[in-house]
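Data first, discussion second: the structure below is written as structure tokens.
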Protein chains: 2
Amino acid sequence: MTVPDGRSFIEEGSPAHDFFVVTGGRVKIFTLLPDGRRQITGFAEGGDFLGLAASKSYAFGAEALGTAVLCRFPHASMQRLTARFPNLEHRLRQEASRELSLLQARMTLLGRKTARERLATFLMERIRLLGAACQETPHQIELDLPMPRTDIADYLGLTIETVSRVLSAFKREGLISIRNITHITIMQFERISAIAEGLE
Amino acid sequence: MTVPDGRSFIEEGSPAHDFFVVTGGRVKIFTLLPDGRRQITGFAEGGDFLGLAASKSYAFGAEALGTAVLCRFPHASMQRLTARFPNLEHRLRQEASRELSLLQARMTLLGRKTARERLATFLMERIRLLGAACQETPHQIELDLPMPRTDIADYLGLTIETVSRVLSAFKREGLISIRNITHITIMQFERISAIAEGLE
DNA sequence: CGCGAGCTTGAAACGGATCAATGACAGTGG
DNA sequence: CCACTGTCATTGATCCGTTTCAAGCTCGCG
């Protein structure tokens, strides 16, 4: 299943028939308030599961961020699979547990962190996502942010303007440098990490 | 296992050896920032599971709210149980999914709702917790809030003062009446529900 | 009766939101 | 190749909701 940029493929509240696995590209997951306020609850990419937070109906909407490729598993066939491979059930629970831990951290971010701390945490998340590749280079990490500022704002519970201002401030302070909209270089990993933890 | 009021029995970040089920009383679950800021990520009571958001170490702390009674299952014995009763694994995943849905809604609350909306949502949550008993009485619902204001504040990402002020405002507007600190009566269910959804 | 923890209320400060203008590109068509 | 256009990002000025700081208040309990 290939989903073009910006196309929504899960409607919040619609009956949950399928389970998805993201195999290529990226996807954003969000919930909406009636007046249009949006909270992005996560970004999913290659290998991520989608649809664990669903019983009868989806508790979230989902939309492609760039062109995305998905595998769709109707619930019926998932049940057949878990019956055949009992380990899968365990795997799914593990995945759900991992999600739960992440969401708890994100609740602390949304409920208790300042705008600076949120952005710093966001950058740290993106760095961690790069994997071990960056562990050897403590400074000067290249980062690209595939999502527009609007999505970053809705992910962090801020407005575009605040996101933009804080990133500019980080640049002014020499913590990062901004080549262009999507490409950022981390100049002072340690300090950003400290800000993320609320130590500065 | 009986835990006295205020006693912490899970330390955030400590190695996760056990899985818990709350059998009596109440428990609060939270994460901390180094400088002491706290986000309560949930309250658990009779029948709730505790410890799904844990892999190697706990992603949260937990503390009794009033005297609580728990069943402790070391991970090893959980594995024995899931091996013997394969359905249990499915049950656990279900529970994790339910949690995930709840947390997504709470992220929208923390990231996008105003103080009034947060309190209204909180009241709706407590009402829903009463079960079907209140469905027949659309108005005048008795509610008791077993947790102190500090906990409500840390749960909603607000300060005590704001919680207090908003509740007072609700009272002034005739939406609720406050007998004493822990006992509240819902006077206008519909309007509170509307505020919770962000429609007012 | 008096003490203290927890709650409420008031005044002032502040961080982030909102409103508004400008800037940087990428894509289009002349 | 270069205006033109529209989208997205940045920057500035102001506003507002929530926090912070500082008193009072309530009420259970010794």
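Given the structure is predicted, the values throughout are model-derived calculations rather than measurements. Order of the sequence lines sets the chain letters (A, B, ...), proteins ahead of strands, with each chain counted from 1.
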Next on the checklist: Does D/dT20 have OP1 or OP2 under 4.0 Å away from a side-chain N or O of B/Thr159?
Outcome noted: no
Checklist entry - Should we count CD of A/Glu11 as having more than 12 external heavy atoms under 6.0 Å? => result no
Checklist entry - Could you state the interatomic distance from CD (B/Gln94) to OG (B/Ser97), rounded to the nearest 0.5 Å? => result 7.5 Å
Checklist entry - In Å, rounded to the nearest 0.5 Å, how long is the span from CG of B/Leu52 to CZ of B/Arg98? => result 10.0 Å
Next on the checklist: Walk me through whether A/Glu99 and A/Arg106 qualify under salt bridge (Lys or Arg N to Asp or Glu O under 4.0 Å).
Outcome noted: CA-CA 10 Å; A/Glu99 273 291 300; A/Arg106 212 161 298 141; over 6 Å; no
Checklist outcome for this item: Residue pair B/Val166/B/Glu161 against DNA chain D: nearer the 5' end by closest nucleotide is B/Val166
Checklist entry - B/Leu156 has an atom CG; how far is it from atom P of D/dT19, in whole Å? => result 10 Å
Checklist entry - Counting side-chain heavy atoms from C-beta on, which of D/dT20, D/dG12, D/dT10 comes nearest to A/Ser168? => result D/dT10
Item to check | Whole-Å gap separating C1' (D/dC8) and CD1 (A/Ile160) | outcome: 8 Å
Next on the checklist: Please determine whether any donor N or O and acceptor N or O are separated by less than 3.5 Å between the side chain of B/Arg37 and the base of D/dT19.
Outcome noted: no
Checklist entry - Do B/Arg191 and B/Glu200 come close enough that some side-chain heavy atom pair is under 4.5 Å? => result yes
Checklist entry - Expressed in angstrom and rounded to an integer, what is the separation of B/Arg165 atom CZ from D/dG17 atom C1'? => result 11 Å
Checklist entry - If you measure from the Lys or Arg side-chain nitrogens to the Asp or Glu carboxylate oxygens, is any gap between B/Asp154 and B/Arg37 under 4.0 Å? => result no
Item to check | Separation of atom CZ in B/Arg112 from atom P in D/dT18, rounded to whole Å | outcome: 14 Å
Checklist entry - Rounded to the Å, how far apart are B/Arg118 CZ and D/dT19 C1'? => result 13 Å
Next on the checklist: Does D/dT19 have OP1 or OP2 under 4.0 Å away from a side-chain N or O of B/Thr162?
Outcome noted: yes
Checklist entry - Whole Å only: how far is the NZ atom of A/Lys171 from the P atom of D/dA9? => result 14 Å
Item to check | From CD1 (B/Ile184) to NZ (B/Lys171), nearest 0.5 Å | outcome: 9.5 Å
Item to check | Residue whose closest nucleotide on DNA chain C lies nearer the 5' end, A/Arg179 versus A/Leu158 | outcome: A/Leu158
Checklist entry - Atom CG of A/Asp151 to atom C1' of D/dA9: distance rounded to whole Å? => result 14 Å
Item to check | Covered region of DNA chain C, 5' end to 3' end, by chain B [heavy atoms, under 4.0 Å] | outcome: C/dC7 to C/dA11
